[in-house]
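This report concerns only the one structure given below.
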Amino acid sequence: MSNKNIRVRFAPSPTGPLHIGGVRTALYNYLFAKKMGGTFILRIEDTDQGRYVPGAENYIVESLKWCGLLPEEGPGIGGGHGPYRQSERKAIYGKYAHKLVENGKAYYAFDTPEELNAKREEERAKGNHNFRYDNVTRNEMKNSLTLPAAETAQKLAAGEAFTIRLKVPVGGAVSFQDLVRGEVTFQTDDLDDKVLLKADGMPTYHMANIVDDHLMEISHVIRGEEWLSSTGHHVLLYQALGWEGTMPQFAHLPLILKPTGKGKLSKRDGAKLGIPVFPIAWEAEKEEDRFLGFREFGFLPEAVINFLAFLGWNPGTEQEIFSLEELCGAFSIEKISKGGARFDYDKAKWYNQQYIQATDAAELAKIVRPLMEEKGYSVSDDFLVDYCELMRDRVVLLPEFVSAGSYFFEGVKIYDDKNIAKRWKPELKPVFEALIDLLEKTDSFEAVTLERGIKDFIAERELKMGQVFPLLRIALAGTMKGPAVFKMIELLGKTETVGRLKTAIEYFEKN
RNA sequence: GGCCCGUUCGUCUAGGGGUUAGGACGCUGCCCUUUCACGGCGGAAACACGGGUUCAAUUCCCGUACGGGCUACCA
């Protein structure tokens with residue numbers, strides 16, 4: 001069921017790695033598009049050449065890919081509304097900006113950044129701490145409203161640098177219905193005359209976003225709450241361009257807040273708290289500019305998506321685990337919450353654990369294999385699958401598959417001396433030697449058989465389980481933590497098990 | 001400062017004029033298990049405050065407080 005009228009876009013700016021709040025915005029756009037049978041579009045907002053960071057666009061694309069949020073239109077993908085990079089649409093914005101000037105909805109402004117700063121300083125000195133270029137102050141600035149027409153024409157002809165500013169009406173009000181917040185109203189007298197076209201000929205976000213959303217036939221603008229304040233200007237712009245009738249609907253998302261303290265989540269919070277705030281790693285020259293992502297921390301993308309979906313949205317049922325597909329079915333803008341949501345890393349880890357537990361061992365083995373190789377462990381496929389089966393319920397982040405069971409791959413490197421001291425008695429030596437004997441004579445190395453055999457062995461000698469099992473475990477793993485002993489023996493196999501027992505007895509004796 | 005937005009357990013949230021205010025994470029007790037986990041059953045823990053409206057407000061309205069966002073020729 002496709003609905004050609006529903007078109008949403010994710011429009012990030014390639015100024016660095018996309019943080020997790022951006023991923024959530026992308027997710028909500030994606031979910032809404034899928035839910036409605038509409039189209040999910042990626043648009044790159046690279047109108048600020050000063051802040052352009054090479055590699056950032058690729059990072060955005062790779063991040064979306066890792067998350068499984070594939071755009072149907074976008075740079076490198078195509079679609080009937082391209083180009084999808086704003087830098088490639090420069091001429092379009094210029095045309096509309098000049099049209100607005102012709103229609104008296106905007107004007108040329110010749111004030112240089114230096115002059116504007118000087119003006120701000122001057123006002124500050126007078127005690128006015130918030131100078132605004134608005135429908136009052138524009139009358140004392142250098143623009144086509146205050147200058148004689150001839151002078152304006154002369155400046156333009158001379159190629160003097162100019163910007164085009166929106167001529168905000170005096171004494172009016174703008175309102176719109178926000179899909180998550182209801183009616184929002186601004187007095188035009190509170191709004192400044194936003195720059196639409198910069199001196200370098202590039203549009204500002206405000207201009208580009210309206211022109212593109214209109215031309216790309218965007219039906220719903222779903223974006224972060226940081227845009228709510230400028231939406232008044234955007235509505236004014238739609239009106240000025242005569243596009244009010246097809247203006248998209250707005251939905252402003254609550255912000256993702258820092259895990260601790262105040263404010264919205266920022267790049268630096270990751271490094272500061274040792275948690276990921278980016279989907280995937282970001283490479284950079286300088287060490288302090290490099291970041292690891294959720295992927296590198298060992299998260300499954302499905303878990304990240306599920307976690308993110310619930311940061312500011314809730315289906316209203318008690319189900320917590322949702323696949324991307326299920327989210328597409330359950331999503332609705334009405335259920336987006338209004339208040340900011342604090343980033344809860346513990347919850348993210350819990351989701352990851354849930355997804356690891358729900359993934360079958362063969363699949364986990366595939367995911368874990370590269371981590372094993374990185375560590376230098378060579379493991380057979382069968383062994384790795386069985387191993388994943390044993391460890392699945394004991395792992396929260398993927399790298400723990402490597403660390404938590406390292407003894408399986410490199411033997412016992414460290415013994416738990418404290419427990420050995422507490423439990424080892426010299427008279428246990430013959431018992432363990434007899435156990436080795438028993439194992440060597442056992443043909444079936446299956447956990448159930450082993451369990452029966454070893455339990456009988458202990459009973460025959462009138463020993464307690466507690467005298468044997470903990471030491472047996474330490475002999476094989478070095479630690480008290482780990483899967484059921486019989487399962488371990490089964491996985492290790494006869495030769496390895498017997499070998500480890502022999503070394504361990506020696507070690508226990510010395511201890 | 002101005003404008004805009006928000007406020008239910010520590011956190012994410014459900015709910016909604018009359019409820020024992022529900023779930024999840026985290027914390028915690030017990031059970032399972034002679035390990036560690038997983039799992040199961042419990043527990044502590046919330047309607048920011050003040051006024052209205054109403055027979056009745058956590059829920060509706062208004063204030064206040066607090067929090068957040070914006071306030072660039074950045075997005």
Side-chain angles (χ1 to χ4, degrees), chain A residues 11-15 22 45-48 50-51 86 109 111-113 116-117 120 127-133 161-165 178 180-182 184-187 189-192 194-206 208-209 223-232 252 254-255 257-260 262-264 307 310-321 335 337-351 353-354 357 390-396 404 416 419 464-470 472-474 477 479-485 488:
Chain A
S13 186
T15 54
E45 310 232 333
D46 55 350
T47 54
D48 185 352
R51 290 212 309 157
Q86 291 186 329
D111 320 86
T112 64
L116 287 172
N117 281 334
R120 278 192 196 97
N128 175 10
H129 286 257
N130 39 287
F131 168 74
R132 243 179 16 203
Y133 206 125
F162 66 90
T163 62
I164 290 179
R165 282 181 183 268
D178 187 275
V180 345
R181 283 150 220 285
V184 179
T185 304
F186 297 91
Q187 299 305 315
D189 292 350
D190 291 329
L191 269 24
D192 65 342
K194 283 259 180 285
V195 170
L196 265 21
L197 201 70
K198 300 184 267 189
D200 65 2
M202 279 293 209
T204 57
Y205 169 83
H206 308 292
N209 135 69
R223 70 213 325 182
E225 193 188 333
E226 67 266 32
W227 296 111
L228 189 57
S229 307
S230 43
T231 307
H252 287 95
L255 264 13
L257 276 12
K258 293 176 188 296
T260 55
K262 299 173 177 181
K264 64 173 175 176
F307 165 65
F310 273 68
L311 229 43
W313 173 85
N314 182 291
T317 65
E318 287 182 356
Q319 185 181 345
E320 306 274 340
I321 304 297
K335 291 210 165 288
S337 35
K338 298 176 173 68
R342 201 172 283 271
F343 181 89
D344 182 356
Y345 188 54
D346 280 325
K347 192 82 168 240
K349 285 196 290 189
W350 177 79
Y351 271 111
Q353 185 181 32
Q354 295 301 306
Q357 281 179 34
L390 289 193
M391 298 305 283
R392 188 171 42 195
D393 285 344
R394 279 161 253 267
V395 162
V396 174
D416 180 346
N419 263 299
K464 287 194 213 115
M465 307 285 202
Q467 289 174 279
V468 180
F469 285 140
L472 179 54
R473 168 179 298 285
I474 293 174
T479 167
M480 290 289 287
K481 298 179 182 179
V485 253
M488 283 174 53

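As the structure is a computational prediction, the values presented were derived from the model and not from experiment. A note on names: the letters A, B, ... follow the listed sequences, proteins ahead of strands, and every chain is numbered from 1.
Salt bridge annotation for Arg51(A)-Asp48(A): present, with a cationic side-chain nitrogen under 4.0 angstrom from a carboxylate oxygen. The residues Asp192(A) and Lys194(A) are annotated as salt-bridged, a charged nitrogen and a carboxylate oxygen being separated by less than 4.0 angstrom.
Applying the 3.5 Å distance criterion, the base of C36(B) shares a donor-acceptor pair with the side chain of Arg394(A). At a cut-off of 3.5 angstrom, counting only N and O atoms as typed in the model, there is a donor on one side and an acceptor on the other between the side-chain of Arg51(A) and the base of C74(B). Donor-acceptor pairing under 3.5 Å, judged by distance alone, is present between the side chain of Arg473(A) and the base of U35(B).
Within the 3.5 Å criterion, the main-chain N or O of Ala404(A) finds no donor-acceptor partner in the side chain of Lys481(A). Looking only at distances, no side-chain donor or acceptor of Ser337(A) sits under 3.5 Å from a matching main-chain atom of Gly339(A).
Comparing the C1' positions of G39(B) and C4(B) gives a spacing of 48 Å, expressed to the nearest Å. Distance check on atom C1': A14(B) versus U58(B) gives 14 Å, rounded to whole Å. A distance of about 16 Å separates the C1' atoms of G23(B) and G42(B), rounded to the whole Å. Straight-line distance between the P atoms of G18(B) and A57(B): roughly 11 Å, to the nearest whole Å. The separation of C62(B) from U54(B), taken at their C1' atoms, amounts to 16 Å, rounded to a whole angstrom. Taking the P atom of each, C30(B) and U35(B) are spaced 15 Å apart, rounded to whole Å. Nucleotides U7(B) and C47(B), compared at atom P, are 16 Å apart to the nearest Å. Comparing U8(B) with A21(B), their C1' atoms sit 8 Å apart, to the nearest whole Å.
Taking atom CG on Asp346(A) and atom P on C25(B), their separation rounds to 11 Å, with Å as the unit. The distance between atom OH of Tyr351(A) and atom P of U11(B), rounded to the nearest whole Å, is 17 Å. Note: CG (Leu228(A)) to P (A75(B)) measures 19 Å, nearest angstrom.
Within the structure, every side-chain polar atom (N or O) of Lys338(A) is placed at least 4.0 Å from both OP1 and OP2 of C5(B). Within the 4.0 Å cut-off from OP1 or OP2 of C74(B), at least one side-chain nitrogen or oxygen of Lys198(A) is found. Applying the 4.0 Å criterion to OP1 and OP2 of U13(B), one finds that Ser337(A) has a side-chain N or O inside that range.
Aromatic ring centres of Phe343(A) and Phe307(A) lie closer together than 6.0 Å.
Residue-level contact check: Pro483(A) touches the bases, meaning some heavy atom is under 4.0 Å from a base atom.
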For this session: Would you give a per-nucleotide map of nucleotides 39-46 of chain B, 5' to 3', where B means the base has a protein non-hydrogen atom under 4.0 Å away, S means only the sugar-phosphate does, and - means neither?
Result: S-------
Problem set entry | Verdict with supporting geometry, Arg473(A) and Asn419(A), side-chain contact (heavy atoms from CB on, under 4.5 Å) | CA-CA 11 Å; Arg473(A) 168 179 298 285; Asn419(A) 263 299; over 6 Å; no
Problem set entry | Test side-chain contact (heavy atoms from CB on, under 4.5 Å) applied to Asp178(A) and Leu228(A), step by step | CA-CA 9 Å; Asp178(A) 187 275; Leu228(A) 189 57; 4.1 Å; yes
For this session: Kindly indicate, with the supporting measurements, whether the criterion side-chain contact (heavy atoms from CB on, under 4.5 Å) is fulfilled by His252(A) and Val180(A).
Result: CA-CA 6 Å; His252(A) 287 95; Val180(A) 345; 5.7 Å; no
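Distance CG/Asp190(A) to OG1/Thr185(A): 11.5 Å, rounded to 0.5 Å. In this structure, NZ on Lys347(A) lies 14.5 Å from CZ on Arg342(A), to the nearest 0.5 angstrom.
Mapping Thr185(A) and Tyr133(A) onto RNA chain B by nearest heavy atom places Thr185(A) at the nucleotide closer to the 5' end.
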Taking only N/O atoms, report every protein-nucleotides 20-23 of chain B pair under 3.5 Å with atom names and distance.
unit_1 : atom_1 : unit_2    : atom_2 : d
G22(B) : O2'    : Glu318(A) : OE2    : 2.9
G23(B) : O4'    : Glu318(A) : OE2    : 3.1

